[in-house]
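For reference, the structure is listed below as structure tokens.
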Amino acid sequence: MTERKYFGTDGIRGCVGESPITPEFMLHLGWAAGQAFKRAGQRNSVLIGKDTRLSGYMFESALEAGLSAAGVDVKLLGPMPTPAIAYLTRTFRASAGIVISASHNPHQDNGIKFFSANGTKLDDALEAEIERWMDEPIKVCDAADLGKASRVDDAPGRYVEFCKSTVPNDFTLEGLSVVLDCAHGATYHVAPKVFRELGATVSVIGASPDGLNINKEVGSTHLDALKRAVLEKGADLGIAFDGDGDRVLMVDRDGSEVDGDELLYVIASQRHAAGSLHGGVVGTLMTNLGVELALKELGIEFERAKVGDRYVMERLIQHDWLLGGEGSGHMVIRDCTSTGDGIVSALQVLLAVGRSGKTLAELRQGMSKLPQKMINVRVDKRFDPLGREDIAVAVRKAEADLGDTGRVLLRASGTEPLIRVMTEGQNASEITRIAEELAVVVESSRA
């Protein structure tokens, strides 16, 4: 991806009230996006959805005004999961979809994600075109050509039916007891319906959003509440979504965490056994080496993409493969949907469990994760860590220490002002020491 002024690996994100996450910017962004979409020869309507953050109302109005000024019609979906906006953009034959969300971040952050008419992330060229229009002053179209806005009242029901359609008609969750953690986010009103209508006995936590509690001590980045609920209720498993519903992690009946790498392996191994995998699997630079080794033992090809579900999707399309994902719980299942979808991914895991006749605990035992250590170093401004000579020297030394039995990865986060330091290897204490030493070097070099 070429250098961008505003777009990161997953849209535009930051602290509410601080540039660029301001009403003025969102007004201009709506107008710029409208201009770019119209000149790309696309249809003249855009969908806008959001998660449950209080600031979403403000940015929804600003985007709506900007798009209208560009002469683009707007359909407002209200609080909906990010993948729901991708799906509805396709079904409404809209030119694009916009999601107002900062995903797993706290309520004081917010951001914007775009989807193409096909329900996929925008390509680099269109993002660059939007940024080019951001440099132009807003010019309102003729009053007779202003865009109109309307609300879509049946969006939740449409998405619930879509999620259920991604599993076979004879698939049922009868007899399964699950706890859902909706992170006080965008899945709070749709995920329980999906699992109940498929027959599961459902308990729900994190489903009382107040605009300020999204991801607060709940959801896929805070699993302790779900672990407690699964154990207290004696449930078969727990399912945790993040604030915008494009990630999923699970908790086994004994309270053990099951991360995205393990879930990816469960789906891949069972699809391979059923003959429905159709090619290899794409992970990222962060995917645990244990996944790669376990899949290769089954004869399944594995490739790594850059971090970010858009890059996973690019590699899948390149090879015409169907399945990819990240340890954070982003999974792309191309024969089900066009982007990462937490609910759909969870259903695919449960389908694998049902077809195998085994428990989730038994299925995940097919792979052994290597110890990993991740340290996030906060910086004032993101930079390429390997572009600093002192860091590069420290990395080369760490790689020499690990030899062929481990990996070192340093990368700038695409969504937060962080440098992520990751080490992986067979000896947990050694990789922890190496990660801590590298973090100190990054800390001292950040200025």
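This is a predicted model, so every value here is computed, not measured.
With hydrogens and angles disregarded, a donor-acceptor distance shorter than 3.5 Å links the side chain of Ser345 to the backbone of Asp341. Of the possible polar contacts, none joining the Asp309 side chain to the Val312 backbone as a donor-acceptor pair under 3.5 Å is found. Here the side chain of Glu262 pairs a donor or acceptor atom with the backbone of Asp259 at under 3.5 angstrom. The closest donor-acceptor contact from the side chain of Asn376 to the backbone of Arg420 lies at 3.5 Å or more, if one exists at all. Judged by distance alone, the side chain of Asp154 and the main-chain N or O of Gly157 form no donor-acceptor pair under 3.5 Å. Between the side chain of Ser68 and the main chain of Glu64, no donor-acceptor pair closer than 3.5 Å is present. Formation of a donor-acceptor pair under 3.5 Å by the His28 side chain with backbone atoms of Glu136 is found in this model. A donor-acceptor pair under 3.5 Å links the side-chain atoms of Asp181 to the main chain of Gly219, judged by distance alone. Counting only distance, with no hydrogens or angles, the side chain of Asp242 and the backbone of Gly245 share a donor-acceptor pair below 3.5 Å. A donor-acceptor pair is defined here as one N or O able to donate and one able to accept, closer than 3.5 Å; such a pair exists between the side chain of Ser61 and the backbone of Tyr57.
Taking the side chain as every heavy atom from C-beta outward, Val194 and Thr187 never approach each other to under 4.5 Å. Within the 4.5 Å cutoff, side-chain heavy atoms of Gln318 are placed close to those of Arg315. Looking at heavy atoms from C-beta onward, Phe162 lies out of side-chain contact with Thr91 at the 4.5 angstrom threshold. Residues Val258 and Leu360 have side chains in contact (heavy-atom distance under 4.5 Å, counting atoms from C-beta outward). Side chains of Met286 and Met374 form a contact here, defined as non-hydrogen atoms less than 4.5 Å apart. Taking 4.5 Å as the limit, every side-chain heavy atom of Leu198 sits out of range of all side-chain heavy atoms of Leu350. By the 4.5 Å heavy-atom criterion applied to side chains, Ile112 and Ile100 are counted as neighbours. Put simply, the side chain of Val442 reaches to within 4.5 Å of the side chain of Val421, judged on heavy atoms.
The closest side-chain donor-acceptor pair between Arg304 and Thr284, if any, does not fall under 3.5 angstrom. With 3.5 Å as the limit, one finds no donor-acceptor pair spanning the side chains of Asn118 and Ser116. Looking only at atom types and distance, the side chain of Asp73 has no donor-acceptor partner in the side chain of Ser45 under 3.5 Å away. If you check the side chains of Asn215 and His184, you find no donor sitting under 3.5 Å from an acceptor. Donor-acceptor pairing under 3.5 Å is lacking for the side chains of Tyr188 and Asp51. One side chain, Arg271 or Gln348, offers a donor N or O that lies under 3.5 Å from an acceptor on the other.
At a threshold of 4.0 Å, the pair Arg132-Glu127 does not count as salt-bridged, since none of the basic side-chain nitrogens sits closer than that to a carboxylate oxygen. Between Lys306 and Glu326, none of the side-chain N atoms (NZ, or NE/NH1/NH2) sits under 4.0 Å from a carboxylate O, so this pair counts as no salt bridge. At a threshold of 4.0 Å, the pair Lys227-Glu257 counts as salt-bridged, since one of the basic side-chain nitrogens sits closer than that to a carboxylate oxygen. A salt bridge is defined here as a Lys NZ or Arg NE, NH1 or NH2 lying under 4.0 Å from an Asp or Glu carboxylate O, and Asp244 with Lys113 meets this definition.
Under the 30°/60° scheme for interplanar angles, the aromatic rings of Phe7 and Phe114 are found to be tilted. Taking the six-membered ring where the residue is Trp, His319 and Trp321 present parallel rings, their angle staying beneath 30° rather than reaching 60°.
In this structure, OG on Ser203 lies 4.0 Å from NZ on Lys233, to the nearest 0.5 angstrom. Taking CG from Asn110 and CD1 from Ile214, the interatomic distance works out to 8.0 Å, rounded to the nearest 0.5 Å. Atom CD1 of Ile343 sits about 4.5 Å away from atom SG of Cys163, to the nearest 0.5 Å. With rounding to the nearest 0.5 angstrom, the CG atom of Leu351 is 9.5 Å from the OG atom of Ser356. In this structure, His222 NE2 and His104 NE2 are separated by 9.0 Å, a value rounded to the nearest 0.5 Å. To the nearest 0.5 Å, atom CZ of residue Arg90 and atom OG1 of residue Thr339 are 9.5 Å apart.
For Lys75, the NZ atom counts as loosely surrounded, since its 6.0 Å shell holds 12 or fewer non-hydrogen atoms of other residues, nucleotides or ligands. Taking a 6.0 Å sphere around NZ of Lys358, one finds it holds 12 or fewer heavy atoms contributed by other residues, nucleotides or ligands. No more than 12 heavy atoms of other residues, nucleotides or ligands shown are found within 6.0 angstrom of CD on Glu217.
Here the closest heavy-atom approach between residue Pro23 and residue Phe59 is recorded as N-CE2, 3.7 Å. Arg53 and Ser103 get closest at one heavy-atom pair: NH2-O, 2.9 Å. Across all non-hydrogen atoms, the minimal contact from Ala36 to Ile130 is CB-CG1, 3.7 Å. What you find for Gly290 and Met367 is that their closest heavy atoms are C-CE, 4.0 Å. Here the shortest heavy-atom pairing between Leu77 and Ala155 reads CD2-CB, 4.1 Å. Contact between Ala70 and Lys38 at its shortest, heavy atoms only, is O-NZ, 2.5 Å.
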| task | List the steps, then state whether side chain to side chain contact (heavy atoms under 4.5 Å, CB included) holds for Leu212 with Leu54. | result | CA-CA 6 Å; Leu212 305 177; Leu54 186 60; 4.2 Å; yes

| query | Which is it for Arg407 and Gln372 under the side chain to side chain contact (heavy atoms under 4.5 Å, CB included) test, yes or no, and what are the steps along the way? | reply | CA-CA 9 Å; Arg407 297 191 302 136; Gln372 274 187 347; 4.1 Å; yes

| request: Check the pair Leu27, Leu63 against side chain to side chain contact (heavy atoms under 4.5 Å, CB included), reporting the backbone distance first and the verdict last. | output: CA-CA 5 Å; Leu27 174 67; Leu63 287 165; over 6 Å; no

| request: Please step through salt bridge (Lys or Arg N to Asp or Glu O under 4.0 Å) for the pair Arg151 and Glu60, ending with a clear verdict. | output: CA-CA 12 Å; Arg151 292 200 173 272; Glu60 178 186 58; 3.8 Å; yes

| task | Kindly determine whether Lys5 and Glu131 satisfy salt bridge (Lys or Arg N to Asp or Glu O under 4.0 Å), including the steps that lead there. | result | CA-CA 7 Å; Lys5 188 184 298 185; Glu131 291 209 348; over 6 Å; no

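For the side-chain contact (heavy atoms from CB on, under 4.5 Å) test with Phe115, the passing option among Leu122, Val99, Thr120 is Val99; the others fail. Here the rule is side-chain contact (heavy atoms from CB on, under 4.5 Å) with Phe195, and of Val204, Leu176, Ile239, Thr201 only Ile239 fits it.
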